[in-house]
Amino acid sequence: TAKVRLGVVAAAGSDRVTWMDLGDDPEQYLARVQWMPDGSLTAQVEDRAQTRLSLLRLDPKTGTSSVILTESSDVWINLHDLLRPIDDGPLAGHFVWASERSGFRHLYLYNGAGELVRPLTAGPWHVDAVPEIDGPRGIVYFLANREHPTEQQLYSVWLTGGEPRRITPEPGTHGVVIDHALRRFVDVHSSTAAPPRLTLRSLDDGAVLREIPHEPDPRLADLELRPPELRSFENRHGDTLHAAIYRPDSAIRPYPTLVEIYGGPHAQRVVNAWGSTVDMRARRQRPHQRLSL
């Protein structure tokens, strides 16, 4: 078993390493490490069974540690990168944390002592990322699939709670980069029917301020890519499953059908994005019909 330690050394260089106290379990995983605005260090450590995750606060000068919070599961804990400290504004010193304790990944506000203040989001949908937090205005900006499981949209929610507000209007998948002034963002949007389009938008209402020019690829038309059909159906337990159907250009009926299933938590295969249309792995089996789940 690999044994991992966490040490801190001066950025200017030094022979002295301060080793952090990560606890007594020699087989645990060191999952995440992150600096906080007050100069302290945090580490996420997980037991070998991956059913217990602790967020530790570490003193980089002494190596001492304290437990901020602990997540536990009877089955398995899904790691994330959604620890976001609030470094200014009325809630400076608080932080936003994501948890799947409800069955869906949602955001929660904690104070600096690790005490839960309030949940920020809830419902049968997942939060995917937190691009920015506006501490002075008390707003969290996050990406989620709130309206449809195959999409990703940008939303905002008050740190004081309330209903999320959707900012990006077009169906499909949005990836965003928010400016440091927290007034505008670059939006990369695509769907199964449209390749990526870059726009500069207002963060207040999602209005397009400018389209970022790009050169179309002349080879795209030659590929004659037909978007997959996005379908959903229920299994025998009543769970809704989503599928992408790639039909061959063939007059042969019925089609031989290949079914490809991915059952893991991280790489969602069925999404309303251009990546689904240009998925050459899904298209390589012509003249077979392919069903991705």
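For the single chain, residues carry numbers from 1 onward in sequence order.
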Within one Ile-Leu-Val-Met-Phe-Trp-Tyr cluster: [X] and [Y], side-chain cutoff 4.5 Å:
X    : Y    : value
L91  : V117 : yes
Y155 : L107 : yes
W158 : L143 : yes
L116 : I77  : yes
V67  : L6   : yes

How about [X] and [Y]: do any of their side-chain heavy atoms sit closer than 4.5 Å?
X    : Y    : result
S66  : L56  : no
D81  : R32  : yes
I167 : Y141 : yes
T192 : W274 : no
L55  : L83  : yes
V208 : L200 : no
T199 : I212 : no
Y108 : R101 : yes

Please check if the number of heavy atoms outside [X] that lie under 6.0 Å from its [atom1] is greater than 12.
X    : atom1 : answer
R165 : CZ    : yes
R184 : CZ    : no
R236 : CZ    : no

field: Within 45° cone of Y29 ring axis and under 6.0 Å: R48 NZ or CZ
entry: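 Yes.
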
- prompt: Is it true that the NZ or CZ of R226 lies under 6.0 Å from the centre of Y246's six-membered ring and within 45 degrees of the ring axis?
  reply: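 Geometry flag: not set, cation outside 6.0 Å or 45°.
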
Can a donor-acceptor pair be found, under 3.5 Å and without considering hydrogens, that links the side chain of [X] to the backbone of [Y]?
X    : Y    : value
R247 : P228 : no
R84  : I133 : no
N235 : D239 : yes
S54  : T70  : no
H94  : P90  : no
R166 : T168 : yes
H80  : L82  : yes
E115 : Y110 : no
T121 : H106 : no
T173 : N272 : yes

Where is the tightest heavy-atom contact between [X] and [Y], given as atom of each residue plus distance?
X    : Y    : answer
G112 : R57  : O-NH2, 2.7 Å
S202 : F185 : O-CE2, 3.4 Å
E151 : P171 : OE2-CB, 3.5 Å
A43  : L58  : CB-CD1, 3.8 Å
A144 : H126 : CB-O, 3.2 Å
R105 : L79  : NH2-O, 4.4 Å

Interatomic distance, [X] atom [atom1] to [Y] atom [atom2] [nearest 0.5 angstrom]:
X    : Y    : atom1 : atom2 : value
S191 : H174 : OG    : NE2   : 9.0 Å
L41  : S65  : CG    : OG    : 11.0 Å
L69  : L53  : CG    : CG    : 8.0 Å
L154 : L203 : CG    : CG    : 6.5 Å
H242 : L230 : NE2   : CG    : 10.0 Å

With no hydrogens and no angle check, do the side chains of [X] and [Y] hold a donor and an acceptor under 3.5 Å apart?
X    : Y    : result
N145 : Q152 : no
E46  : Q44  : no
W125 : E147 : no
T18  : R16  : yes

Stepwise side-chain contact (heavy atoms from CB on, under 4.5 Å) test for R269 and E260: CA-CA 10 Å; R269 293 293 308 280; E260 181 179 5; 3.2 Å; yes

Less than 4.0 Å between a side-chain N and a carboxylate O, is that true for [Y] and [X]?
X    : Y    : answer
K3   : E27  : no
R219 : D217 : yes
E163 : R146 : yes
D187 : R201 : yes

field: Intermediate values then yes/no, side-chain contact (heavy atoms from CB on, under 4.5 Å), L159 and V96
entry: CA-CA 9 Å; L159 286 169; V96 172; 4.2 Å; yes

task: Begin from the C-alpha positions of N78 and E100 and carry the test side chain to side chain donor-acceptor pair (under 3.5 Å) through to its verdict.
output: CA-CA 8 Å; N78 192 15; E100 295 185 18; 3.0 Å; yes

Side chain to side chain contact (heavy atoms under 4.5 Å, CB included), paired with F95, selected from T42, I68, I86, N111: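 Output: one option passes, namely I68.
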
- prompt: Does the pair E71 and R52 meet the rule for a salt bridge (Lys or Arg N to Asp or Glu O under 4.0 Å), with working shown?
  reply: CA-CA 6 Å; E71 295 279 349; R52 184 179 178 87; over 6 Å; no

task: Using the side-chain contact (heavy atoms from CB on, under 4.5 Å) rule, take L198 and E211 through it: C-alpha gap first, then chi angles, then the decisive distance, then the call.
output: CA-CA 6 Å; L198 277 70; E211 183 159 359; over 6 Å; no

- prompt: Could you go step by step and tell me if E132 and R183 meet the salt bridge (Lys or Arg N to Asp or Glu O under 4.0 Å) rule?
  reply: CA-CA 11 Å; E132 287 290 350; R183 292 295 179 265; over 6 Å; no

query: Between L30 and V45, is a side-chain contact (heavy atoms from CB on, under 4.5 Å) present by the stated rule, with each step listed?
result: CA-CA 5 Å; L30 176 58; V45 294; 4.1 Å; yes

